[in-house]
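A short worksheet on the structure shown next.
A, B, ... follow the sequence lines: proteins, then strands. Residue 1 opens every chain.
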Amino acid sequence: NAGVTQTPKFRVLKTGQSMTLLCAQDMNHEYMYWYRQDPGMGLRLIHYSVGEGTTAKGEVPDGYNVSRLKKQNFLLGLESAAPSQTSVYFCASSFGQDYNEQFFGPGTRLTVL
Amino acid sequence: RKEVEQDPGPFNVPEGATVAFNCTYSNSASQSFFWYRQDCRKEPKLLMSVYSSGNEDGRFTAQLNRASQYISLLIRDSKLSDSATYLCVVNSLLGSGNNRLAFGKGNQVVVIP
């Protein structure tokens, strides 16, 4: 089992460029999440999905879009990148909510110039 | 008041010593509590869940105090490999029947030889 994988691992963008981050999990989990982690701040939830074809907003959704066309994949899109989106992005998945462990991917380090 | 508050430290601990730290949470309705461990530039990983009766896993002990709304983590006989950031995690309501996990900023532990 690969667990949760993320591509790419690193990326540098210029302001205004777009990109898509891919998250894949092979644990048949229903729930998937996208977080961002910034220095001095805890992990903040961007968007999440409770199943294939469903998505919902988290704490900091502005500037991001997501899609969950297949159960195993959760895509995070930046339509027009801004320097404020420079961060480390983590994807996670879990079997359920609340009492279930979230498994994290290795992260994507994004720099927007 | 922030949802989850932690003293970031760092907590410099001599090898073999005991270290303990607390985390406070603001939502009295929270039902799930966890400690995650995050190594430098790595993804968070579940260390242990925190139950009402408290729980112990080897050298690690977690306690929950609902009346005062805090959870604690104690590490005995610290090893160099315990150096990491320990994230306090509490479930929080998103609405529409969904929940999310709220992450603290973490307690940084540095075990010194």
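With respect to chain A, the highest number of heavy-atom pairs below 4.5 Å among B:K42, B:Q38, B:R41 belongs to B:R41.
The contact between A:Y35 and chain B is made entirely by side chain atoms (from C-beta outward), counting heavy-atom distances below 4.5 Å. With a 4.5 Å cut-off on non-hydrogen atoms, A:R44 does not touch chain B at all.
The distance from atom CG of B:L101 to atom OG of A:S94, rounded to the nearest 0.5 Å, is 7.5 Å. In this structure, the separation between CD on B:E3 and CD on A:E59 is 6.5 Å, given to the nearest 0.5 Å.
Note on B:I75 and B:V50: same hydrophobic cluster, where clusters join Ile, Leu, Val, Met, Phe, Trp and Tyr whose side-chain heavy atoms are under 4.5 Å apart, directly or indirectly. Note on A:V88 and A:L113: separate hydrophobic clusters, where clusters join Ile, Leu, Val, Met, Phe, Trp and Tyr whose side-chain heavy atoms are under 4.5 Å apart, directly or indirectly. Transitive grouping of hydrophobic side chains (ILVMFWY, heavy atoms separated by less than 4.5 Å) brings A:L13 and A:V66 into a common cluster. Put simply, A:F103 and A:Y31 are part of two different groups of oily side chains (I, L, V, M, F, W, Y) that touch within less than 4.5 Å, one to the next. Under a hydrophobic-cluster definition in which Ile, Leu, Val, Met, Phe, Trp and Tyr are linked whenever side-chain heavy atoms come within less than 4.5 Å, directly or via other members, B:V19 and B:I71 are assigned to the same cluster.
Residue B:P44 comes nearest to A:F104 through the heavy atom pair O-CD1, 3.5 Å, listed as atom of the first residue, atom of the second, then distance. Looking at every heavy atom in both residues, A:Q102 comes nearest to B:Y36 through N-OH, 2.9 Å.
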Taking distance alone, no hydrogens or angles, what donor-acceptor pairs closer than 3.5 Å link side-chain atoms of residues 105-113 of chain B to residues at least two apart or in another chain?
unit_1, atom_1, unit_2, atom_2, d
B:K105, NZ, A:G40, O, 3.3
B:N107, OD1, B:Q6, NE2, 2.6
B:N107, ND2, B:D7, O, 2.4

